[in-house]
Amino acid sequence: MAAVETDATGAVHEDDGVRRRDFINLAATSFAGVGAVAIVLPLVNQMNPSADVLALASIEVDISKIPVGSAIKTEFRKQPLFVRHLNPDEIKAAEDTKADSLRDPQTLEERTKGKKEWLVTMGVCTHLGCVPLGAGAGELKGEFGGYFCPCHGSHYDTAGRIMKGPAPKNLEVPEYAFASDTVIKVG
Amino acid sequence: MSFPWANHYEPQHPFMRYMDEKLPLPRFIYNAIGGGYPVPRNLNYFWNFGVLSGAALMLQIVTGIVLAMHFAGNSALAFDSVEHIMRDVNSGWLMRYAHANGASMFFIVVYVHIFRGLFYASYKPPREVVWLLGIVIFLLMMATAFMGYVLPWGQMSFWGAKVITGLFGAIPVVGEPIQTWLLGGFSPDNAALNRFFSLHYLLPFVILGVVVLHVWALHLPGSSNPTGVPVKSEEDTVPFHPYYTAKDGFGLGVFLIVFAILVFFAPNFLGEPDNYIKANPMSTPANIVPEWYFWPFYAILRAFTFDFFFVPAKLLGVLAMFASILLLLFLPWIDTSPVRSGHYRPLFRKFFWFGLMPCIIVLGYCGGSHATNGVVLVSQLASVYYFAHFLIILPIVSRIERRCRCRTPSPKACLARLRPHNRGLEKNGSHYRFSGRPVLFGHARLLGHPHRLQYGV
Ligand code: HEM
Ligand code: FES
């Protein structure tokens with residue numbers, strides 16, 4: 001922008017280099033830009049989970065009927081939840097594994113809430129979200145005796161930790177607490 | 001549009017003259033797919049597959065609109081509404097089988113179409129934008145077919161949706177929010193089904209728009225041909241109508257026969273029986289497999305079972321899968337050979353037939369099988385070859401395969417020079433043969449001057 005300008009009539013104007021037209025252009029485009037963002041935001045946000053999807057209650061699980069060495073599969077937030085009653089061999093196997101050598105280093109202690117025999121995890125493979133096998137009676141448990149995901153072959157150990165295969169993380173441990181000796185409250 | 005000798009549109013009937021003045025749509029059509037578009041006369045049947053892809057798209061749109069009249073995009077109703085279409089709706093079974101198998105036919109013809117582009121290097125300038133738009137169409141098709149497959153809300157629909165949206169979860173930091181955003185929940189449910197239905201309805205029309213751009217971009221330089229040598233004069237071309245409308249019409253007939261055999265005699269041959277079980281979020285099918293047309297890409301996804309430095313295996317697989325398609329966008333610049341057609345690139349041709357093609361077939365086989373250790377190992381080897389083919393072999397081959405250096409003034413002199421190599425051009429009457437195969441259908445002109453013919457060293 002020159003300080004001296006000639007307009008269509010040939011008259012010469014001197015100014016500080018900023019024309020009124022520049023200001024109007026800038027103001028108008030900025031205004032339109034803000035308007036566009038204000039429209040795009042709700043358009044994008046409407047895709048996020050709606051209030052009814054987010055209003056997910058917590059659940060209570062009765063664990064008194066799960067024999068040592070077996071597990072149950074229940075539903076939490078529309079996803080499978082595994083509650084597993086580990087037997088002494090399984091606890092020992094999990095504790096004998098050095099946590100540092102794992103892909104997602106965690107000890108059995110860190111993955112349970114004071115009671116090492118109760119392993120509560122989401123039944124959602126951390127690879128691409130399949131339900132791993134191993135909770136139901138007679139299902140494959142994989143090479144490490146915990147869970148096995150048939151989709152792309154992820155093996156989890158008895159603490160639900162990823163040992164082999166494409167999954168990057170251990171099975172997620174949801175928020176939960178023991179409401180009593182026989183009931184846990186998840187969520 | 002493309003060539004100076006193209007026929008001109010001259011409406012005879014007064015009404016058509018009136019139209020031409022007010023809304024020249026007939027002129028547009030005449031120039032695009034009528035007598036006004038000159039096409040090389042030596043096209044082989046591989047050149048039918050563009051028109052066939054267009055036909056398949058129209059078929060999907062028509063049957064899809066009919067299905068949408070009876071389908072319920074709600075997770076509680078979708079599965080039953082598809083059964084309702086199959087059992088109660090008049091001719092509903094026909095519409096659904098036509099739509100489901102139509103998707104397979106669409107991919108078959110598009111794959112042949114892409115294969116044609118790869119072998120004859122149709123992606124090379126001046127048609128690189130045509131190629132880029134083609135890849136865009138392919139990506140849109142994959143998205144459309146994926147979302148369509150979710151709609152019947154069977155077991156494969158559900159778990160396919162879960163696995164594919166799970167891919168986005170692999171992206172560091174923003175991955176999980178993106179996945180939740182895509183699904184509108186933490187796992188596929190009503191919100192996801194409903195938006196997939198909306199987008200599945202929309203995307204085919206977006207595809208239609210990109211197809212128009214694709215054909216527009218093609219009509220500027222005009223079609224390539226099996227020799228890869230640009231046409232030079234009117235003798236090298238024939239008008240699209242009636243010559244290629246007739247040939248494409250014949251191709252369409254064959255297409256419809258194959259399609260009818262699938263629809264009427266083997267409608268579930270390409271499908272997965274598990275998809276006739278209603279979606280159950282609590283139980284994963286023993287083997288989650290996508291539709292056959294995704295198998296090669298799925299094999300690449302599953303091939304990454306190990307971390308590479310700090311990149312986790314899951315992310316690697318996702319990146320590799322997307323890269324395997326996005327790679328094709330760079331093909332016009334990766335392949336630097338001045339020669340287009342695979343017929344005149346002996347070394348390229350060997351890697352094409354004995355490298356790339358078997359590699360893709362093996363990947364497809366692995367993607368459709370259960371992921372045992374052996375299958376994963378084979379997918380890993382094939383994935384490595386796939387990338388090596390485009391990133392290493394193709395650049396090297398296109399560099400070492402040089403064109404004929406002779407600058408002889410006449411075809412005859414060139415022939416004399418080519419013959420000692422004993423691998424080039426032979427003349428028999430008015431027919432030229434190259435490496436024993438006829439170079440074109442009796443018309444030597446299209447070769448240009450044979451001294452421009454290229455051969456391998
Ligand atoms: C690019 C073109 C298209 C492709 C590749 C495609 C692909 C598919 C596929 C693979 C399915 C699942 C079939 C099954 O297993 O039942 C499907 C279902 C469906 N599609 Fe499409 N489609 C296309 C265009 C359309 C259009 C334009 C509409 C509507 C205007 C539509 C509406 C539907 C409906 C309502 C269903 C669910 C019913 C069913 O599952 O049969 N589609 N689509
Ligand atoms: S989803 Fe479990 S291994 Fe891929």
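Just so we're on the same page: letters track the sequence lines, and every chain starts at 1.
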Per-residue contact mode, [X] against chain A (heavy atom under 4.5 angstrom):
X        : answer
B:Tyr298 : side chain
B:Leu167 : both
B:Ile164 : neither
B:Asn190 : neither

Under 4.5 Å from any heavy atom of chain B, what part of A:Thr126 do you find: side chain, backbone, both or neither? backbone
[X] atom [atom1], neighbour heavy-atom count above 12 within 6.0 Å:
X        : atom1 : result
A:Asn45  : CG    : yes
A:Lys185 : NZ    : no
B:Tyr365 : OH    : no
A:Glu175 : CD    : no
B:Phe205 : CZ    : yes
A:Lys73  : NZ    : yes
A:Glu109 : CD    : no
B:Asn373 : CG    : no

Of B:Gln179, B:Met282, B:Lys162, the largest count of non-hydrogen pairs under 4.5 angstrom with chain A goes to B:Met282
Find the one option among B:Asp189, B:Leu315, B:Leu183 whose heavy-atom pairs under 4.5 Å with chain A are most numerous. B:Asp189
Contact summary for B:Pro281 and A:Pro80, nearest pair of heavy atoms: O-CG, 3.8 Å
Within the 4.5 Å heavy-atom criterion, are B:Thr180 and A:Pro49 side-chain neighbours or not? yes
Is there side-chain contact between A:Val131 and B:Trp159, with heavy atoms separated by less than 4.5 Å? yes
Among the listed options A:Gly165, A:Cys130, A:Pro168, the residue most often paired with chain B at heavy-atom distances under 4.5 Å: A:Cys130
Looking at A:Val53, A:Val124, A:Val44, which has the largest count of heavy-atom pairs under 4.5 Å with chain B? A:Val44
To the nearest 0.5 Å, how far apart are NZ in A:Lys78 and CZ in B:Phe186? 12.5 Å
